[in-house]
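Just follow the structure's listing: the first ligand is 1, and inside any ligand the first atom is 1.
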Amino acid sequence: MTHPTKNAPDPGLPLHFRSCLGAFATGVTVVAMRAPDGRAVGLTVNSFNSLSLDPPLVLWSLRSGSSVAAVFRETTNFSVSVLAAGQLGLARHFAFSAPDRFAGVAHHEGLGGCPLVDAAIAWFECETVSVQELGDHLLFVGRVLRCARVPGSPLVFHQGDFGQTTALDEGV
Ligand SMILES: Cc1cc2nc3c(=O)[nH]c(=O)nc-3n(C[C@H](O)[C@H](O)[C@H](O)COP(=O)(O)O)c2cc1C
(Lines give C-alpha, C1' and ligand atoms only; values in the text may rest on other atoms or scores of the structure.)
Protein backbone atom coordinates (compact mmCIF):
# COMPACT_ATOMS: atom_id res chain seq x y z
CA MET A 1 0.00 0.00 0.00
CA THR A 2 1.27 3.49 -0.87
CA HIS A 3 1.75 5.72 2.14
CA PRO A 4 -0.79 8.61 1.98
CA THR A 5 1.87 11.28 2.65
CA LYS A 6 4.05 10.15 -0.27
CA ASN A 7 2.22 12.02 -3.04
CA ALA A 8 0.54 14.58 -0.76
CA PRO A 9 0.43 18.23 -1.89
CA ASP A 10 3.06 20.70 -0.62
CA PRO A 11 2.29 21.96 2.96
CA GLY A 12 2.83 25.46 1.52
CA LEU A 13 -0.62 25.14 -0.07
CA PRO A 14 -2.78 26.94 2.51
CA LEU A 15 -6.02 24.99 2.01
CA HIS A 16 -4.26 21.62 2.15
CA PHE A 17 -2.25 22.67 5.24
CA ARG A 18 -5.41 23.94 7.02
CA SER A 19 -7.29 20.77 6.14
CA CYS A 20 -4.52 18.58 7.59
CA LEU A 21 -4.40 20.73 10.76
CA GLY A 22 -8.16 20.32 11.05
CA ALA A 23 -7.70 16.59 11.64
CA PHE A 24 -6.26 17.50 15.05
CA ALA A 25 -9.26 17.94 17.38
CA THR A 26 -8.84 20.63 20.03
CA GLY A 27 -10.74 22.19 22.87
CA VAL A 28 -12.00 25.76 22.57
CA THR A 29 -10.97 28.62 24.85
CA VAL A 30 -11.50 32.32 25.33
CA VAL A 31 -8.17 34.05 25.93
CA ALA A 32 -8.58 37.44 27.56
CA MET A 33 -6.77 40.37 29.13
CA ARG A 34 -7.40 43.82 30.63
CA ALA A 35 -6.20 46.63 28.36
CA PRO A 36 -4.41 49.66 29.89
CA ASP A 37 -7.55 51.75 29.22
CA GLY A 38 -9.61 49.31 31.35
CA ARG A 39 -11.31 47.46 28.48
CA ALA A 40 -11.80 43.70 28.79
CA VAL A 41 -10.45 42.16 25.57
CA GLY A 42 -10.83 38.53 24.50
CA LEU A 43 -11.12 36.18 21.57
CA THR A 44 -11.89 32.56 20.74
CA VAL A 45 -8.69 30.50 20.60
CA ASN A 46 -8.02 26.83 19.84
CA SER A 47 -4.22 27.11 19.58
CA PHE A 48 -3.99 26.96 23.39
CA ASN A 49 -1.86 24.09 24.68
CA SER A 50 0.33 22.95 27.53
CA LEU A 51 4.06 23.62 27.25
CA SER A 52 5.77 22.72 30.54
CA LEU A 53 4.74 21.16 33.85
CA ASP A 54 7.65 22.51 35.93
CA PRO A 55 7.51 25.44 35.69
CA PRO A 56 3.83 25.43 34.65
CA LEU A 57 3.78 27.03 31.19
CA VAL A 58 1.09 27.26 28.51
CA LEU A 59 1.11 28.68 24.99
CA TRP A 60 -1.26 30.03 22.34
CA SER A 61 -0.89 31.96 19.13
CA LEU A 62 -2.61 35.08 17.78
CA ARG A 63 -2.84 36.14 14.13
CA SER A 64 -0.53 39.17 13.82
CA GLY A 65 -3.14 41.03 11.77
CA SER A 66 -5.83 40.66 14.43
CA SER A 67 -7.49 43.84 15.71
CA VAL A 68 -6.42 42.82 19.24
CA ALA A 69 -2.77 42.01 18.38
CA ALA A 70 -1.40 45.43 19.42
CA VAL A 71 -3.02 45.35 22.87
CA PHE A 72 -2.13 41.70 23.55
CA ARG A 73 1.49 42.32 22.51
CA GLU A 74 1.88 44.71 25.47
CA THR A 75 0.06 42.62 28.05
CA THR A 76 1.72 41.34 31.22
CA ASN A 77 -1.12 38.94 32.09
CA PHE A 78 -3.71 36.87 30.25
CA SER A 79 -6.42 34.43 31.21
CA VAL A 80 -7.67 31.28 29.47
CA SER A 81 -11.24 30.03 29.98
CA VAL A 82 -11.83 26.50 28.64
CA LEU A 83 -15.35 26.47 27.21
CA ALA A 84 -17.97 23.86 28.10
CA ALA A 85 -19.93 21.98 25.42
CA GLY A 86 -22.91 24.21 26.20
CA GLN A 87 -20.96 27.40 25.38
CA LEU A 88 -20.97 27.14 21.59
CA GLY A 89 -22.69 30.53 21.37
CA LEU A 90 -19.82 32.15 23.28
CA ALA A 91 -17.22 30.46 21.04
CA ARG A 92 -18.94 32.07 18.03
CA HIS A 93 -19.44 35.39 19.82
CA PHE A 94 -15.75 35.76 20.73
CA ALA A 95 -14.66 34.94 17.17
CA PHE A 96 -16.15 38.16 15.79
CA SER A 97 -14.81 41.69 16.02
CA ALA A 98 -16.89 43.93 18.28
CA PRO A 99 -16.01 47.05 20.29
CA ASP A 100 -16.78 45.30 23.62
CA ARG A 101 -17.00 41.52 23.29
CA PHE A 102 -17.53 41.08 27.06
CA ALA A 103 -20.66 43.26 27.14
CA GLY A 104 -23.52 41.03 28.30
CA VAL A 105 -21.20 38.05 28.90
CA ALA A 106 -21.20 36.68 32.49
CA HIS A 107 -17.62 36.86 33.75
CA HIS A 108 -15.57 37.62 36.81
CA GLU A 109 -12.19 39.27 37.29
CA GLY A 110 -8.98 37.36 37.88
CA LEU A 111 -5.33 38.24 38.41
CA GLY A 112 -4.20 41.38 36.60
CA GLY A 113 -7.87 42.26 36.02
CA CYS A 114 -8.14 39.55 33.33
CA PRO A 115 -11.73 38.48 32.71
CA LEU A 116 -12.67 34.84 33.34
CA VAL A 117 -15.76 33.49 31.57
CA ASP A 118 -18.41 32.15 33.99
CA ALA A 119 -19.60 28.53 33.53
CA ALA A 120 -16.40 27.51 31.73
CA ILE A 121 -14.92 24.15 32.81
CA ALA A 122 -11.36 25.33 33.58
CA TRP A 123 -9.47 28.59 33.95
CA PHE A 124 -5.77 29.44 33.75
CA GLU A 125 -4.47 32.79 35.01
CA CYS A 126 -1.10 33.58 33.51
CA GLU A 127 1.71 36.07 33.53
CA THR A 128 3.14 36.61 30.04
CA VAL A 129 6.73 35.36 29.86
CA SER A 130 7.33 35.75 26.13
CA VAL A 131 5.75 37.05 22.94
CA GLN A 132 7.47 36.03 19.72
CA GLU A 133 6.56 36.95 16.14
CA LEU A 134 6.73 33.73 14.11
CA GLY A 135 5.35 33.53 10.59
CA ASP A 136 2.00 35.31 10.48
CA HIS A 137 1.26 34.75 14.19
CA LEU A 138 2.45 35.96 17.60
CA LEU A 139 3.36 33.09 19.92
CA PHE A 140 2.48 33.77 23.58
CA VAL A 141 3.96 31.80 26.42
CA GLY A 142 2.50 32.27 29.88
CA ARG A 143 3.45 31.09 33.34
CA VAL A 144 0.36 29.77 35.12
CA LEU A 145 -0.06 31.55 38.45
CA ARG A 146 -3.43 30.02 39.32
CA CYS A 147 -5.76 27.48 37.72
CA ALA A 148 -9.06 25.84 38.60
CA ARG A 149 -11.57 23.41 37.13
CA VAL A 150 -15.10 22.18 37.64
CA PRO A 151 -16.75 19.01 36.31
CA GLY A 152 -18.18 19.31 32.80
CA SER A 153 -17.80 18.31 29.16
CA PRO A 154 -15.60 20.40 26.86
CA LEU A 155 -16.56 22.06 23.62
CA VAL A 156 -14.49 20.50 20.81
CA PHE A 157 -13.33 21.92 17.46
CA HIS A 158 -12.55 19.47 14.66
CA GLN A 159 -12.26 19.92 10.88
CA GLY A 160 -13.90 23.34 11.05
CA ASP A 161 -16.92 22.18 13.09
CA PHE A 162 -17.85 22.31 16.75
CA GLY A 163 -18.71 19.13 18.61
CA GLN A 164 -18.50 17.38 21.94
CA THR A 165 -16.79 14.26 23.26
CA THR A 166 -18.34 10.83 23.52
CA ALA A 167 -16.57 8.07 25.40
CA LEU A 168 -15.46 5.10 23.30
CA ASP A 169 -16.78 1.69 24.16
CA GLU A 170 -13.51 -0.21 24.28
CA GLY A 171 -15.34 -3.49 23.82
CA VAL A 172 -13.69 -5.43 26.65
C1 LIG B 1 -12.76 27.65 17.06
C2 LIG B 1 -11.95 28.87 16.77
C3 LIG B 1 -10.62 28.91 17.15
C4 LIG B 1 -9.84 30.03 16.90
N5 LIG B 1 -8.54 30.04 17.29
C6 LIG B 1 -7.75 31.12 17.05
C7 LIG B 1 -6.40 31.15 17.48
O8 LIG B 1 -5.88 30.21 18.07
N9 LIG B 1 -5.68 32.27 17.21
C10 LIG B 1 -6.22 33.34 16.54
O11 LIG B 1 -5.52 34.33 16.31
N12 LIG B 1 -7.51 33.34 16.14
C13 LIG B 1 -8.28 32.26 16.39
N14 LIG B 1 -9.59 32.25 16.01
C15 LIG B 1 -10.13 33.42 15.33
C16 LIG B 1 -10.37 34.57 16.28
O17 LIG B 1 -11.24 34.22 17.34
C18 LIG B 1 -10.98 35.73 15.48
O19 LIG B 1 -10.22 35.96 14.33
C20 LIG B 1 -10.95 37.00 16.23
O21 LIG B 1 -11.74 36.95 17.38
C22 LIG B 1 -11.53 38.06 15.33
O23 LIG B 1 -11.11 39.25 15.83
P24 LIG B 1 -10.39 40.31 14.87
O25 LIG B 1 -10.95 40.08 13.49
O26 LIG B 1 -10.80 41.57 15.46
O27 LIG B 1 -8.94 40.02 14.92
C28 LIG B 1 -10.40 31.15 16.24
C29 LIG B 1 -11.76 31.13 15.88
C30 LIG B 1 -12.52 30.00 16.14
C31 LIG B 1 -13.98 30.01 15.75
Element-labelled atoms of ligand 1 that are located less than 4.0 Å from some non-hydrogen atom of Ser97:
23 (O), 24 (P), 25 (O), 26 (O)

Quick note on ligand 1: atoms under 4.0 Å from a heavy atom of Ser47 include exactly 7 (C), 8 (O)

Quick test of your reading of the structure: of Leu138, Val45, Thr44, whose heavy atom lies closest to atom 13 (C) of ligand 1?
Thr44

Ligand 1 versus Phe48, non-hydrogen atoms closer than 4.0 Å: side chain, backbone, both, neither?
neither

Is the number of heavy atoms from other residues, nucleotides or ligands under 6.0 Å of Leu134 CG greater than 12?
yes

Residue-ligand contact Phe157/ligand 1, heavy atom below 4.0 Å
yes

For the rings on Phe72 and Trp60, is their centre-to-centre separation under 6.0 Å?
yes

For the residue pair Ala91 and Thr44, what are the closest heavy atoms and their distance?
O-OG1, 2.6 Å

Atom indices of ligand 1, in the order listed, that fall short of 4.0 Å to a heavy atom of Leu62:
11 (O)

Closest heavy-atom pair and its distance - Gly27, Asn46
O-CB, 3.5 Å

Protein contact of atom 11 (O) of ligand 1 - nearest heavy atom, named by residue and atom, plus distance
Arg63 N, 2.8 Å

Residue and atom name of the nearest protein heavy atom (relative to atom 31 (C) of ligand 1), distance in Å to one decimal
Ala95 CB, 3.8 Å

Under 3.5 Å side-chain donor-acceptor pair for His108 and Asp118:
yes

If we only count N/O pairs under 3.5 Å, is Asn46 in contact with ligand 1?
yes

Protein contact to atom 27 (O) of ligand 1 [nearest heavy atom, distance to 0.1 Å]:
Ser66 OG, 2.6 Å

Please list the nearest protein heavy atom to atom 26 (O) of ligand 1 with its residue and the distance rounded to 0.1 Å.
Ser67 OG, 2.2 Å

Hey, does Ser61 sit under 4.0 Å from ligand 1 if you only count heavy atoms?
yes

Select one of side chain, backbone, both or neither to describe which atoms of Arg101 lie under 4.0 Å from any atom of ligand 1, heavy atoms only.
side chain

How close do Val71 and Arg39 get, counting heavy atoms only, and between which atoms?
CG2-NH2, 4.4 Å

Mind checking whether Phe124 and Phe78 have ring centres under 6.0 Å apart?
no

Identify the two heavy atoms, one from Arg34 and one from Gly113, that lie closest to each other, and give their separation to 0.1 Å.
NE-O, 2.9 Å

Given Val117, which of Thr29, Val82, Leu90 fulfils the side chain to side chain contact (heavy atoms under 4.5 Å, CB included) condition?
Leu90

